[in-house]
Amino acid sequence: MLVSRIAVTGIAPLIKRLFVAPGKGADLTDRPVRLSGYVSFKGEKRSLTERDLAKLASELVSRCLRSMPPRERISEDQLDAVADTLARTLYALGDLDMDDVQAVQLGHKEMAQQLRHRNARQISELSVDAAGLHDAILEIASLHVLHFFSQRSSFISRTLIEQSRKLERITKILDSLESQEASNLPEDFKFDEQYLRYMAQKHARLTIYGIDLVETPGQWPLDTAYLTLHAEPTEIEEADPLLFESGYTAVPLPSLPSDQVLTEHPRVMLRGVAGSGKTTLIQWLAVTAASQKLDPSLEYLRNRIPFVLPLRSITRKDKELPTPSGFLSAVGCPLSGIQPSGWAERTLAAGRALVMVDGIDEIPENEREETRTWLRDLLSVFPGNLWLTTSRPSAVPDKWLHAERFTELALSPMGYSDVAAFIHRWHKAAGASESFGSSLLAAVRRKQDLSRLATNPLMCGLICALHRERNAFLPDGRKELYDAALSMLYRRDRERNMGQPDGIHLREEPRIQLLQKIAHWMIRNNRAEMDRDLAERIISDALPSVASAASQGNSTQIFRHLLMRSGLLREPSPGRVDFIHRTFQDYLGAKRAIEVWDIGLLVANAGSSQWEDVIRMAVAHARPNERAELISHIMEDGDKSFVPSTRARLYLLAMACLEHAVELDPQVRKAVERRTAALLPPQSAEDVMALGEVGPMVLEFLPHDPNDMAINYDLAHYTVMTASMVGTDAAIPVLAAHAHSSKFPVRFQIVNSWRRFDTDRYAEEVISHLSDTDLFFPISSLQELTTLRRLGGRPLLEVRGTFSPDELIANIDPARLWQLRLSKGSITSDLGWLNYFSNLRVLHLEDEDATIDVSSLAGMKKLRTVHAGCKQVTGAGNLPLSITLRIY
């Protein structure tokens, strides 16, 4: 071949010019470093122009031509075309998606082939001889490129580290195996595989309530249905003013994607309202751990064995909470009978378990202390592992598991972007018209009552289904929404032409009457689940008064019909029954309580967090005089209470009930407003949590004039905290009114609430009016980044999402930026691109898993302080004395 006859001397210096000078260290990063990071004609390290590259290619052609026999040389008029084509081909070096180690492993011929492919069109225009010369020179150049890389000091380092990483992964697997008793290793390993397959299949599908319409599935694959929400600390940490002197602005920990909370905290108590996605998150983590299909952010689940323990299923009056050996049998796992003796204990002792205890709020209050003791015992015997517990926000006191070192986080309400993503996925999965999704999204933004409901996946699913079924017409209030949902569920069999597969046909009214009696028993006894035999006895007692049902079958047959056809009941484990969601139980139980005027039950439980939704729905179902009596009794109990927190809860509950009281004695309404006036504006974090649970109605009571709180700015702080917790666009005017505040805690709360609202509207009405003095502006999406650039940029930025250097360079104003905080996802090992920000004075690098080389920051003339919270920092010796490096 022609390439074998070209013996070119002096080509190595030309090839070397294609790449930047070698740096110190191993050039490591948490993602592959493309060759574009080394080329000298692209990126921030550019030292070779395209014209220079063309001259270099021409010189390569010239030297190769001199080494060829005269008879094999091509005509002079083709040499320019070869040189030009070769320059374009070499330019593609910057587009190869591989690092130096991968390139050497690939080989020079394959690399030349990949480069040819990227410039195939221009090469095809050459003559046969010219194309042959081009290919020959390209192979020689590729050989020298790989030789150049193999001689770099970093190449050996990278090769060794790649090998070390492989060894580390193997070591982790071996360590996890060695932690098990050798005598049980074969059977444990075999059972692990069986159990993980079972868990991956069991939790792989998710019911989205309300999607089961004609010709649409009742369930989605979990990877389609799952929507990553955010979790945030339940306590807000104030910034330390003393740290401003060093140029370091302290801020509280940002919110985390909910599926990454265990990366930061091995023990988490996750709070969230009904339908907020707590159980869905547990399913997602269980399936991810079981399948071991992990992206880098979920690497913490490597080799984890998931245990999903829903408390409502494993708690019984006549049974104790299970020990590890009974975990599987307690949840009805069919593999429980064949698990090796001691398998669960060995898994926990090895620290390999992911234990998820779901629904502390779904067990009676008198059983919660026993549950806490059970958890403490497990933690003391098996101190490692990952632990996740869930609860409704106020079901257990704050710091309930603080002594056990659990971090408390709360699931944030769905923001506008979350709702938009959910609506898009729902309509796509349901095969609905895209125009339906667009019109619904516009309605959610436009109508406050509707946006107030669309705060969690459960309610979003119902809204989507009703919107589609009713041809874009939607009810306004929560009661009307549930009424419509129940009607929709009743009609689904008829619309699917299901007939009467069990020989029973119940009209909507008797069906609801029977379901109400089951729900009423459950709320009276503080249960989220009951024995099937008991449910059948309740139906049996009710049948004589429901003639249309009694004429069609006995209690067992009627109950089975309700279980199979109502769409509201389910059997989570053999012999146990519950509602598909606690919200429907509360709604139906409250309706029955009003029908039988069980006011004593309602008032007696008004102070319990588990009864909040029941009370609200009872007021919605009641007639005007019944509403007035019920609300008055709640206020009277608040008046009698000597416990401030109990009194506040009852007053706030009475205020929350006003939302559902369409018609009410005006004197009662005034009495409620008078009592709650003492709680507003909020004056403590406890007030904020309580008022935030009330919902959008609280916004009309919050002061819009910050001048009213000029003396005590804490009131303004707590006011904006409350408004941001509401999380709907109705809160924007309140936050906008306080955007001109000079107080840091107020501005910090406002700026960190951006992600909960529509990006553009919030930016225009709120962000644009915030003083940027000592305030980091958080960036978690590309839309926020571009929007902030459109507003003129800001001097302090905190980049929380995953961005490439090119995206940051293109969308951050270098003239304004003087302090930058980068977190995991946006930190690269080579920091040379930061030289673009010539006015940068303070840099924060926060990624405990990253290895960085700071030597490329040496030329930044205005940089004074670098705070590095990374796994490894190299190149510090190359920094000038003017730059202070602080490693923590």
Side-chain angles (χ1 to χ4, degrees), residues 232-233 235-255 685 706-707 709-721 723-724 735-757 762-763 765-780 784-785 787-801 808 811-823 826 834 837-846 860 862-869 882-886 888:
E232 56 191 10
E235 294 184 358
I236 292 186
E237 172 188 333
E238 299 290 348
D240 184 354
L242 296 177
L243 293 175
F244 284 106
E245 297 179 3
S246 67
Y248 181 87
T249 305
V251 296
L253 287 174
S255 63
N707 294 325
M709 293 167 275
I711 297 177
N712 187 350
Y713 73 82
D714 281 340
L715 295 182
H717 182 203
Y718 294 132
T719 295
V720 297
M721 286 174 64
S724 63
L735 297 169
H738 293 270
H740 297 282
S741 173
S742 62
K743 305 303 181 182
F744 176 79
V746 175
R747 292 182 293 116
F748 169 78
Q749 181 65 33
I750 291 175
V751 78
N752 281 277
S753 300
W754 189 4
R755 63 176 179 79
R756 294 183 175 182
F757 301 92
Y762 197 82
E765 298 182 24
V766 183
I767 296 294
S768 62
H769 302 289
L770 277 176
S771 168
D772 56 27
T773 303
D774 295 324
L775 182 66
F776 274 97
F777 284 72
I779 301 297
S780 55
E784 291 175 354
L785 184 64
T787 299
L788 203 58
R789 177 61 187 262
R790 190 171 68 249
L791 294 178
R794 291 297 184 271
L796 280 71
L797 293 181
E798 179 179 1
V799 178
R800 294 177 179 175
L808 297 175
N811 293 290
I812 295 178
D813 183 359
R816 292 204 63 184
L817 183 68
W818 74 269
Q819 189 167 179
L820 177 65
R821 185 189 303 275
L822 296 176
S823 58
S826 296
L834 287 168
F837 302 108
S838 55
N839 287 324
L840 191 64
R841 283 173 271 173
V842 183
L843 175 65
H844 310 266
L845 303 169
E846 301 174 355
M860 299 183 69
K862 293 187 178 181
L863 186 63
R864 291 295 175 264
T865 308
V866 178
H867 300 270
S882 60
I883 299 179
T884 300
L885 176 64
R886 296 176 179 174
Y888 59 95

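This structure is a prediction, so every number in the text was calculated from the model and none was measured. The first residue of the sequence shown is numbered 1, and numbering continues consecutively from there.
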Original post:
Which heavy atom in Leu834 sits nearest to a heavy atom in Met860, and how many Å separate them?
Top reply: O-CE, 3.2 Å
Original post:
Looking only at heavy atoms, what is the nearest atom pair of Ser826 and Val799, with distance?
Top reply: OG-CG1, 3.6 Å
**OP:** Kindly indicate whether the side chain of Val751, heavy atoms from C-beta on, has any atom under 4.5 Å from the side chain of Pro778.
**Re:** yes
Original post:
Below 4.0 angstrom, N of the basic side chain to O of the carboxylate: do Arg794 and Asp813 qualify?
Top reply: no
**OP:** Please identify each residue that fulfils ring-ring contact (aromatic ring centres under 6.0 Å, His included) with Phe757, with sequence neighbours left out.
**Re:** Tyr762
Original post:
When the ring planes of His844 and Phe776 are compared, do they come out parallel, tilted or perpendicular, using 30° and 60° as the limits?
Top reply: perpendicular
Original post:
What residues, two or more places apart in sequence or in another chain, satisfy side chain to side chain donor-acceptor pair (under 3.5 Å) together with Ser771?
Top reply: Thr773
Original post:
How far does CG of Leu788 sit from CD1 of Ile767, to the nearest 0.5 angstrom?
Top reply: 7.5 Å
Original post:
So, Arg755 and Glu784, do they make that salt bridge, N to O below 4.0 Å?
Top reply: no
Subject >> Contacts of Arg790 that satisfy salt bridge (charged side-chain N to carboxylate O under 4.0 Å, His left out) - sequence neighbours left out >> reply: Asp760
Original post:
Taking atom CZ of Arg789 and atom CG of Leu797, what is their separation to the nearest 0.5 Å?
Top reply: 11.0 Å
Subject >> Side chain to side chain, Leu796 and Asp772, heavy atoms closer than 4.5 Å >> reply: no
**OP:** Could you check Val842, Thr884, Leu845 and say which one makes a side-chain contact (heavy atoms from CB on, under 4.5 Å) with Val866?
**Re:** Leu845
Subject >> With sequence neighbours excluded, residues passing side chain to side chain donor-acceptor pair (under 3.5 Å) with Arg864 >> reply: none
Original post:
Taking side chain as C-beta onward, heavy atoms only, is Leu808 less than 4.5 Å from Leu822?
Top reply: yes
Original post:
Below 4.5 Å, heavy atoms only, C-beta onward: do Gln749 and Ser724 meet side chain to side chain?
Top reply: yes
Original post:
Asn811: what forms a side chain to side chain donor-acceptor pair (under 3.5 Å) with it, not counting sequence neighbours?
Top reply: none
**OP:** With the side chain counted from C-beta on, respond yes when Leu840 and Trp818 share a heavy-atom pair under 4.5 Å apart, and no when they do not.
**Re:** no
Original post:
Just how far is it from atom NE2 of His738 to atom NE2 of His769, taken to the nearest 0.5 Å?
Top reply: 14.0 Å
Original post:
Measuring from Leu820:CG to Leu843:CG, what's the distance to the nearest 0.5 Å?
Top reply: 6.0 Å
Subject >> Rounded distance [0.5 Å steps], CD1 in Ile750 versus OG in Ser741 >> reply: 7.0 Å
Original post:
Can you list the residues that meet the side-chain contact (heavy atoms from CB on, under 4.5 Å) rule with Ala736, with sequence neighbours excluded?
Top reply: Val766
**OP:** Drop me the distance from Gln819's CD to Phe837's CZ, to the nearest 0.5 angstrom.
**Re:** 14.5 Å
Original post:
Do Phe744 and His717 have their ring centres less than 6.0 Å from each other?
Top reply: no
**OP:** Kindly give the heavy-atom pair with the smallest separation between Thr787 and Ala763, and that separation in Å.
**Re:** CG2-CB, 3.4 Å
